[in-house]
Amino acid sequence: MTGLKAILAAMALAGILSTSLGEAQRAEKLRSRASSTCCATEVSKQSIHSDANRLGLVIGNSSYPDADVPPTQTVNDASALASTLRKDGFDIYLVQNATRDDMTRAIAHLKTKVRPDSIVMVYFGGFGIQSGGQSYMIPVDAKIWYEDDVRRDGVSIDRLLSELKNSGAHIRLAVIDASRRNPYERRFRSYSHGLAPIEAGKNALILTSMPPGEVVDDSHGSNSVLITALLNEMNLSTVSVEKIFDDTRLTVTRKTQNQQVPAVSSSPIDDVRLGPALTNAVVSSGQYKSLDSRS
């Protein structure tokens with residue numbers, strides 16, 4: 001009887017061990033499956049990750065406490081443009097309603113990623129003010145009572161493009177939708193409307209919502225006329241960025257019946273292609289060698 005009890009106990013113990021082993025094996029399979037899913041997710045993210053040589057800084061500012069009529073479309077414009085640029089392979093740093101510290105950090109972050117073959121796109125939507133022959137992007141926390149405050153609190157567009165060039169960016173693209181009436185102009189003894197001319201150095205292309213010294217009122221709708229036209233052109237086909245900017249200017253001019261005529265400033269520039277058809281080469285224009293890896 002004692003022997004029978006021992007046998008039964010041994011069988012029960014074996015069953016328990018077998019069950020535990022089975023549960024352990026099933027748990028290991030689940031962990032392995034979860035690990036595989038995680039890795040697949042990472043691979044999927046990497047497969048749609050941006051090109052290392054395409055970088056972008058997108059800033060949309062609308063919440064200006066001192067502005068009687070803040071530019072409400074700029075945040076939507078920034079989000080829409082960032083989304084389209086990401087689809088086109090750009091590694092985008094998006095900042096909305098940025099303080100000066102936010103903008104400074106974003107620019108510093110962008111500069112750390114620049115390498116000699118980089119194509120860099122900068123977008124700013126918000127208030128822009130010219131002072132001393134330069135155009136300044138105005139943060140939402142700017143405290144501006146005098147023209148000197150513009151240079152203290154603002155971020156110079158010219159300096160930003162120059163710093164990107166000095167950091168090694170091969171091609172600099174800029175879309176500046178900031179040709180609005182200066183919301184602080186009543187505080188200035190003297191002031192100038194619109195933006196100052198923005199110098200386009202070699203391999204630089206700049207699209208502004210209006211020519212230097214001119215301003216435009218914001219349109220109705222969730223997005224500005226400029227960005228709506230730009231996104232439409234970018235989504236039509238894969239063409240050179242020069243053609244996209246030029247066609248955007250023509251479209252806005254036509255749709256606003258010449259009330260808004262954007263300006264394009266350029267220098268000899270490699271023919272960078274933008275558009276929905278992502279491939280791996282680019283057409284080189286003129287005497288300059290193309291460094292973009294897409295066609």
As an exercise, state the distance from [atom1] of [X] to [atom2] of [Y], rounded to the nearest 0.5 Å.
X: Lys255; Y: Ser219; atom1: NZ; atom2: OG; value: 10.5 Å
X: Asp158; Y: Gln130; atom1: CG; atom2: CD; value: 10.5 Å
X: Ile144; Y: Ile138; atom1: CD1; atom2: CD1; value: 4.0 Å
X: Asp148; Y: Arg152; atom1: CG; atom2: CZ; value: 9.0 Å
X: Ser209; Y: Ile227; atom1: OG; atom2: CD1; value: 9.0 Å
X: Asn223; Y: Asp77; atom1: CG; atom2: CG; value: 4.5 Å

Exercise. What pairs meet the salt bridge (charged side-chain N to carboxylate O under 4.0 Å, His left out) rule with one or both residues in residues 168-178, with sequence neighbours excluded?
Worked result: Asp177-Arg180

Problem set entry | Sequence neighbours excluded, every pair satisfying salt bridge (charged side-chain N to carboxylate O under 4.0 Å, His left out) that has a member inside residues 60-69 |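 Listed once each, the pairs are Asp66-Arg187.
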
Problem set entry | Residues, nucleotides or ligands: over 12 heavy atoms within 6.0 Å of Glu163 CD |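 Counting other residues, nucleotides and ligands, CD of Glu163 exceeds 12 neighbours.
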
Exercise. Does atom CG of Asp217 have more than 12 heavy-atom neighbours from other groups under 6.0 Å away?
Worked result: no

Exercise. Do NZ/NE/NH1/NH2 and the carboxylate oxygens of Lys243 and Asp246 come within less than 4.0 Å?
Worked result: no

Exercise. Do Val261 and Leu226 belong together in a cluster built from hydrophobic side chains that touch within less than 4.5 Å?
Worked result: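 Cluster IDs for Val261 and Leu226 differ.
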
Exercise. Any link between Met210 and Val122 through a network of hydrophobic side chains (Ile, Leu, Val, Met, Phe, Trp, Tyr) touching at under 4.5 Å?
Worked result: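 In one cluster with Met210: Val122, no.
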
Where the side chain of [X] meets the backbone of [Y], is there a donor-acceptor pair that is under 3.5 Å apart?
X: Arg100; Y: Pro139; value: no
X: Glu233; Y: Thr248; value: no
X: Asp102; Y: Thr99; value: yes
X: Ser79; Y: Asn76; value: no
X: Thr112; Y: His109; value: yes
X: Ser179; Y: Val216; value: no
X: Gln73; Y: Gly221; value: yes

Problem set entry | Donor-acceptor pair between Asn97 and Ser62 side chains, under 3.5 angstrom | yes

Exercise. Hey, are Arg273 and Thr238 close enough side-chain-wise for a donor-acceptor pair under 3.5 Å?
Worked result: no

Seminar exercise, completed: Phe127 meets the ring-ring contact (aromatic ring centres under 6.0 Å, His included) criterion, sequence neighbours left out, with Tyr64

Problem set entry | Qualifying residue, where the test is side-chain contact (heavy atoms from CB on, under 4.5 Å) with Ile206 and the options are Leu173, Val264, Leu161, Ile157 |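 Only one of Leu173, Val264, Leu161, Ile157 forms a side-chain contact (heavy atoms from CB on, under 4.5 Å) with Ile206, namely Leu161.
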
